[in-house]
Undergrad: 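Following this message is one structure expressed as structure tokens.
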Amino acid sequence: MTVTIRLFASYADKLGRSAFEIECAEGSTVADIVRSVTSLPGGSSLPPMPLVAVNRIYADSGTPVSDGDEVAIIPPVAGG
């Protein structure tokens, strides 16, 4: 199945892109997706379990993903 990855700010800078698609196995979870992204060039600098949203809803590492989902990996935000 295919999911769309969205990256923001410093995470997009580290991986050199803000959106892309990845192939993953049926039954994959957010943790599997994050592991795939951190294995890409530049991805090793991301934290092991960053803040993630699936289809614009915050998700934890065990949240399952489905074909066509959008997985946003969100960096920490500071300021007011």
Undergrad: Does some side-chain heavy atom of Val37 sit less than 4.5 Å from a side-chain heavy atom of Tyr11?
TA: no
Undergrad: In this structure, would Val3 and Phe20 fall into the same cluster of hydrophobic residues linked by side-chain contacts under 4.5 Å?
TA: yes
Undergrad: Answer whether the closest heavy-atom distance between the side chains of Val71 and Thr4 falls below 4.5 Å.
TA: no
Undergrad: Can you give me the closest heavy-atom contact between Lys14 and Ser45, atom names plus distance?
TA: CD-OG, 3.0 Å
Undergrad: Of the non-hydrogen atoms in Met1 and Glu26, which two are nearest, and what is the gap between them?
TA: CB-OE2, 3.7 Å
Undergrad: Flag the pair Ile22 / Thr2 as yes when at least one side-chain heavy-atom distance between them is below 4.5 Å, and no otherwise.
TA: no
Undergrad: How far apart are the closest heavy atoms of Leu15 and Pro41, and which atoms are they?
TA: CG-O, 3.9 Å
Undergrad: Not counting sequence neighbours, which residues clear salt bridge (Lys or Arg N to Asp or Glu O under 4.0 Å) with Arg35? List them please.
TA: Asp32
Undergrad: Using side chain to side chain contact (heavy atoms under 4.5 Å, CB included), reason through Ile74 and Val52 one step at a time and then give a plain yes or no.
TA: CA-CA 6 Å; Ile74 305 163; Val52 173; over 6 Å; no
Undergrad: Main chain of Gly16, side chain of Asp13: is a donor-acceptor contact present, judged purely on distance under 3.5 Å?
TA: no
Undergrad: Considering all heavy atoms of both residues, which atom of Met49 and which atom of Val34 are nearest to each other, and what is their separation?
TA: CE-CG2, 4.1 Å
Undergrad: For residues Pro75 and Ile73, report the shortest heavy-atom separation together with the two atoms involved.
TA: CD-O, 3.8 Å
Undergrad: Tell me the closest heavy-atom pair linking Ala25 and Ser28, and the distance in Å.
TA: O-OG, 2.6 Å
Undergrad: Do Leu46 and Leu40 belong together in a cluster built from hydrophobic side chains that touch within less than 4.5 Å?
TA: yes
Undergrad: Apply side chain to side chain contact (heavy atoms under 4.5 Å, CB included) to residues Ile33 and Cys24 and explain how you reach the verdict.
TA: CA-CA 8 Å; Ile33 300 302; Cys24 56; 3.6 Å; yes
Undergrad: Around atom OH of Tyr58, are there more than 12 heavy atoms from other residues, nucleotides or ligands closer than 6.0 Å?
TA: no
